[in-house]
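Have a look at the structure below before the remarks.
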Amino acid sequence: MTVRVRFAPSPTGHLHVGGARTAIFNWLFAKRYHGTFVIRVEDTDQSRSTRQSEAMVLEDLRWLGMPWEEGPDVGGPHAPYRQSERTEIYNRFAAELMTRDVAYRCYCAEEELDEKRKAAEAAGRPPHYDLKCWHNRRNDDAPHAVRFHVPDDGDVTIDDLIRGEVSWKKESLGDFIVVRSDGLPTYNFSVVVDDHEMEITHVIRAEEHLTNTHRQVLIYRAMGWTVPEFAHVSLILGPDRSKLSKRHGATSVSQYAEDGFLPDAMVNYLTLLGWSSPDGAEIFTRQESATKFSLDRVNSAPAVFDHQKLEWVNGQYIHAMTAAQLRPLVAPFFDVPWLEEGIDVVKTSVHRLNQFADALRFVREYEPAEVDRALAEPLAAELRTNGTPVDEATYKAMVERLKTATGLKGKALFMPLRMALTGSDHGPELVRTIPLLRRASAVDPSVLSPLQRVEKCIR
RNA sequence: GGCGCAUUCGUCUAGGGGUCCAGGACGCCGCCCUCUCACGGCGGUAACACGGGUUCAAAUCCCGUAUGCGCUACCA
């Protein structure tokens, strides 16, 4: 049997990091078992779903770098992959459910149901549907929804791949709506129809759907369909341990892209949030994790999103990349003719792509520092006669001559030197900084050369 | 309220009856490297929610309690 998994976002905004992690686990599982990864858009809630949002979610998924074999944009053998385009299919199966007498038309008004529910709750009874339309089944075309009837043998036990056995008693459920009065299916119905029709073998989704599984299994049974395997992934929490939301800061994948995070780092971190590699590795490519991924190593407890660790992971990726690899990624945030050289000099002090501009500010902006003439003048003379160092050897030669000329050494020499050339008391090593300033000033007229800087100090 | 899920350092986690007075990572602290900042290296800090069982032996199995979260919709 070929593994087929799906990620089924509802297009109501950008892709959320929680959704991203669910997508990653699905993708990893598909790769691990050489299966198929399907994207299905769950847009049956017309009031909240937009086509624009669907495009954003797909774009976020593309940015993360998890290609899918079937989906609304690429099609596939089970098209369409947008639930709003599959209503005839749902209606067909809803009709079949009614033919089998496990579903029925419900003509109750929403207000009426609300009142009954409140009354039941007030009286301490379970707020389940009172079965009025089940007991008086009819089939006219007055406005109605379609309701599924929970059978007497409605107890359900599943063997969740992450949580183990989970059971529910039939009593915990009332008859529930499968087709709304607007003719569109509810989630619990469309998801079953689609997962069956699309031959999904493993349903890997967020924990918030765990209790919905009871209803869904009942529908599978009523239709006589094979029940897929389930794996419910725990939620991602904010620092206060409530479900991660906007008030905790950035929650959408696109926001992280804008904040200078790399897709590889994002996928790496999110994979680590709930899954651990059997060899204990924490930095790994998606190919590496895909060969080792298994659902039994997915943690069933919710995980707090740790922004600091994400930054660290992102830094690990940036530090491991060459300046040439980094340049095209940094350019959208900050671009100068000497970008690649600049990146090479400061990349170890940066954790995010958008921090390069700041880290290289000293190259573009220079405020003359208070520097003792006893150093500034010999330095200016040195730069005039011997030129500016171009590499480690010429830098060391310059330092030796300066030591002789000034009688200074160690910190007493280097700090004023740094101040004179960068205007700051901290930054990358001088042996790298000076050649960078030289090259940058050569290709970029807005950058002052080392000599120009020193001259400003003397004036 | 009912049902369901969860609970190991501040955070992510390892662990599946003895090898655990609990290991790794992030963070934090210290030291080293060093002109500074960062990187890197080394070291330190810090946890089995609580109470009962089962067992020669429990972080690991069972039962309660507490706490958190989810579902209980004509949202997904």
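Proteins come first, then strands; the chains are lettered A, B, ... in the order of their sequence lines, and each starts at number 1. Values below: all heavy atoms of this structure, side chains included; hydrogens, waters and symmetry mates excluded. The structure presented is a predicted model; accordingly, all values stated were derived computationally and were not measured.
- Contacts of A:Ser424 with the nucleic acid, taken as non-hydrogen atoms under 4.0 Å apart, are absent.
- In this structure, the ring of A:His209 has its center no less than 6.0 angstrom from the ring center of A:Phe230.
- In terms of phosphate contacts, A:Arg241 brings a side-chain nitrogen or oxygen within less than 4.0 Å of OP1 or OP2 of B:U11.
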What is the per-nucleotide protein-contact pattern of nucleotides 70-76 of chain B, from the 5' end, where B denotes a base atom under 4.0 Å from a protein heavy atom, S denotes such proximity for sugar-phosphate atoms only, and - denotes neither? BSSSBBB
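- Heavy atoms of A:Arg418 sit under 4.0 angstrom from at least one base atom.
- In this structure a side-chain-to-backbone donor-acceptor pair under 3.5 Å is present from A:Asn268 to A:Glu282.
- We find that CD of A:Glu171 is positioned 17 Å from C1' of B:G1, with the value rounded to whole Å.
- Residue A:Arg297 places at least one side-chain N or O closer than 4.0 Å to OP1 or OP2 of B:G15.
- Remark: B:C69 base-pairs with B:G4; criterion is Watson-Crick or G-U wobble with both hydrogen-bond distances under 3.5 Å.
- Closest to the side chain of A:Val304, from the set B:C12, B:C5, B:C39, is B:C12.
- Per the geometry, NE2 belonging to A:His232 stands 12 Å off P belonging to B:C5, to the nearest Å.
- Looking at heavy-atom distances under 4.0 Å, A:Glu429 makes contact with a base.
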Under the side-chain contact (heavy atoms from CB on, under 4.5 Å) rule, what do A:His78 and A:Val38 come out as? Steps first, then yes or no, please. CA-CA 10 Å; A:His78 301 282; A:Val38 177; over 6 Å; no
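- Using a 4.0 Å heavy-atom cutoff across all strands shown, A:Ser349 reaches sugar-phosphate atoms only and no base atom.
- Counting non-hydrogen atoms under 4.0 angstrom, A:Gly315 reaches nothing in the nucleic acid.
- In this entry the distance linking CG of A:Asp240 with C1' of B:C69 reads 12 Å, nearest Å.
- Across all strands, A:Gly124 comes closer than 4.0 Å to no nucleic acid atom at all (heavy-atom distances).
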Sort me out a list of protein N/O and nucleotides 25-29 of chain B N/O pairs below 3.5 Å, or just none if empty.
{"unit_1": "B:A25", "atom_1": "O4'", "unit_2": "A:Glu282", "atom_2": "OE1", "d": "3.3"}
{"unit_1": "B:A25", "atom_1": "O2'", "unit_2": "A:Glu282", "atom_2": "OE1", "d": "2.4"}
{"unit_1": "B:A25", "atom_1": "O2'", "unit_2": "A:Lys309", "atom_2": "NZ", "d": "3.0"}
{"unit_1": "B:A25", "atom_1": "N3", "unit_2": "A:Lys309", "atom_2": "NZ", "d": "3.4"}
{"unit_1": "B:C26", "atom_1": "O2'", "unit_2": "A:Lys309", "atom_2": "N", "d": "3.4"}

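- Atom-to-atom, CZ of A:Arg432 to P of B:U36 comes out at 18 Å; the value is rounded to the nearest Å.
- Between the A:Thr422 side chain and the A:Ser424 main chain, a donor and an acceptor come within less than 3.5 Å of each other.
- Rounded to whole Å, the distance from CG on A:Asn299 to P on B:G68 is 20 Å.
- Within the 4.0 angstrom heavy-atom criterion, no nucleotide atom of any strand lies near A:Pro126.
- In this structure, NZ of A:Lys170 is placed 16 Å from P of B:G4, rounded to the nearest angstrom.
- Atom CD1 of A:Ile318 and atom P of B:C39 are 12 Å apart (whole Å).
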